[in-house]
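Accompanying notes for the structure given below.
In the text below, chain A, chain B and the rest are named by the order of the sequence lines, each starting its count at 1.
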There are 2 protein chains.
Amino acid sequence: MDQVEIFKALSNKTRLQILNWLKEPELHFPEQKENGFEHGVCVGRIHQKAGLTQSTVSEYLTSLQRAGLVTATRAGQWTYYKRNEETFAALSRLIQSEI
Amino acid sequence: MDQVEIFKALSNKTRLQILNWLKEPELHFPEQKENGFEHGVCVGRIHQKAGLTQSTVSEYLTSLQRAGLVTATRAGQWTYYKRNEETFAALSRLIQSEI
DNA sequence: TTGGTATATCGGGAAAAGCCGATATATCTT
DNA sequence: AAGATATATCGGCTTTTCCCGATATACCAA
């Protein structure tokens, strides 16, 4: 758990936005409803909603993953990204006791 | 409470270090003991301990203050910086409920 | 195999952050 | 007023971040 890396990942409006969308995928990505959200949301939908290029969003998701804030699951041609709530909980604890 | 600004302020090893020192000033800045720590620690001592130039440390402290993570109190020729625990508590809550 | 779709990676230009040395400002002392 | 001390600000160089378009890679379908 690299603190600096986590805070850097969180230091961007779009990335915070993405994390927020992933809190309630059914609400923010209703198009994907039939496929379910067990593994999260695929890059393409996040890309469309974010209004940035595919490459930028892909890089953002990778950086969130490196920080441990999301997990990635490949399924066929899609990669699904999902929040990793444990990291958020750990970070919250860290802030009130360690930092 | 600008989330991005807070996370940017926390995205630096030295600044995290400073915040950590300020948790226990009497432990990390014993030289200042006779003056007390009610208003925190003055820039010069933090500068010496950090091993970066005075200007850099002054800028770092200003950025921590802008983020609301510390408060600054001027007393004579000294400026004392002190942790603002309310912001840390609020941030901790924010992470576990909002972000 | 060929082509289509989804994602990742690469190269790069612009903007911001990391630091520094020099200098300005504020305050105290004499 | 003049000098000393503490902090803030400014100009600049270097590294990193922000994004992009182009291209590569992976997978699927015919």
To the closest 0.5 Å, what do you measure between [atom1] ([X]) and [atom2] ([Y])?
| X | Y | atom1 | atom2 | answer |
| --- | --- | --- | --- | --- |
| B/Arg93 | B/Ile99 | CZ | CD1 | 13.0 Å |
| B/Lys8 | B/Arg66 | NZ | CZ | 10.5 Å |
| A/Glu86 | A/Met1 | CD | CE | 11.0 Å |
| B/Tyr80 | B/Arg45 | OH | CZ | 7.5 Å |

What is the distance, to the nearest angstrom, from the [atom1] atom on [X] to the [atom2] atom on [N]?
| X | N | atom1 | atom2 | result |
| --- | --- | --- | --- | --- |
| A/Lys13 | C/dA15 | NZ | C1' | 17 Å |
| A/Gln65 | C/dA8 | CD | P | 9 Å |
| B/Gln48 | D/dT5 | CD | P | 13 Å |
| B/Ile18 | C/dG18 | CD1 | P | 12 Å |
| B/Phe7 | D/dT17 | CZ | C1' | 17 Å |
| B/Leu61 | C/dG18 | CG | C1' | 15 Å |
| B/Gln17 | C/dC19 | CD | P | 13 Å |
| B/His47 | C/dG21 | NE2 | C1' | 12 Å |

For [X], answer base if it contacts any base atom (sugar-phosphate contacts may also be present), sugar-phosphate if it contacts only those atoms, and nothing otherwise; contact means non-hydrogen atoms under 4.0 Å.
| X | result |
| --- | --- |
| B/Tyr81 | sugar-phosphate |
| A/Thr14 | nothing |
| A/Tyr60 | sugar-phosphate |
| A/Thr79 | sugar-phosphate |
| B/Arg15 | sugar-phosphate |

query: Is the A/His28 ring parallel, tilted or perpendicular to the A/Trp21 ring (thresholds 30°, 60°)?
result: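 Ring orientation, 0 to 90° scale: tilted.
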message: Given the structure, check if the side chain of A/Gln54 and the base of C/dA8 hold any donor-acceptor pair shorter than 3.5 Å.
response: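 Check passes, donor-acceptor contact within cut-off.
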Partner of B/Tyr60 by side-chain contact (heavy atoms from CB on, under 4.5 Å), out of B/Leu52, B/Val43, B/Ile46: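 Exactly one pass, corresponding to B/Leu52.
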The side chain of [X] lies closest to which of these nucleotides: [options]?
| X | options | value |
| --- | --- | --- |
| A/Glu59 | C/dT5, D/dC20, D/dA8 | D/dC20 |
| B/Ser55 | C/dG4, C/dA8, C/dC20 | C/dC20 |
| A/Leu52 | D/dC10, D/dC19, D/dG21 | D/dC19 |
| A/Trp78 | D/dT9, C/dA8, C/dA6 | C/dA6 |
| A/Ser58 | C/dG4, D/dC20, C/dT7 | C/dT7 |

- request: Hey, which sits more toward the 5' end of DNA chain D by its nearest nucleotide, A/Ser11 or A/Arg74?
  value: A/Ser11
- prompt: So does A/Thr53 get a side-chain nitrogen or oxygen closer than 4.0 Å to the phosphate oxygens (OP1/OP2) of D/dC19?
  reply: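 No, A/Thr53 has no side-chain N/O under 4.0 Å of OP1/OP2 on D/dC19.
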Distance test, side-chain N/O of B/Asn12 to OP1/OP2 of C/dA17, below 4.0 Å: no
statement: Assert: residue with more 5' nearest nucleotide on DNA chain C, out of A/Lys8 and A/Thr62, is A/Thr62
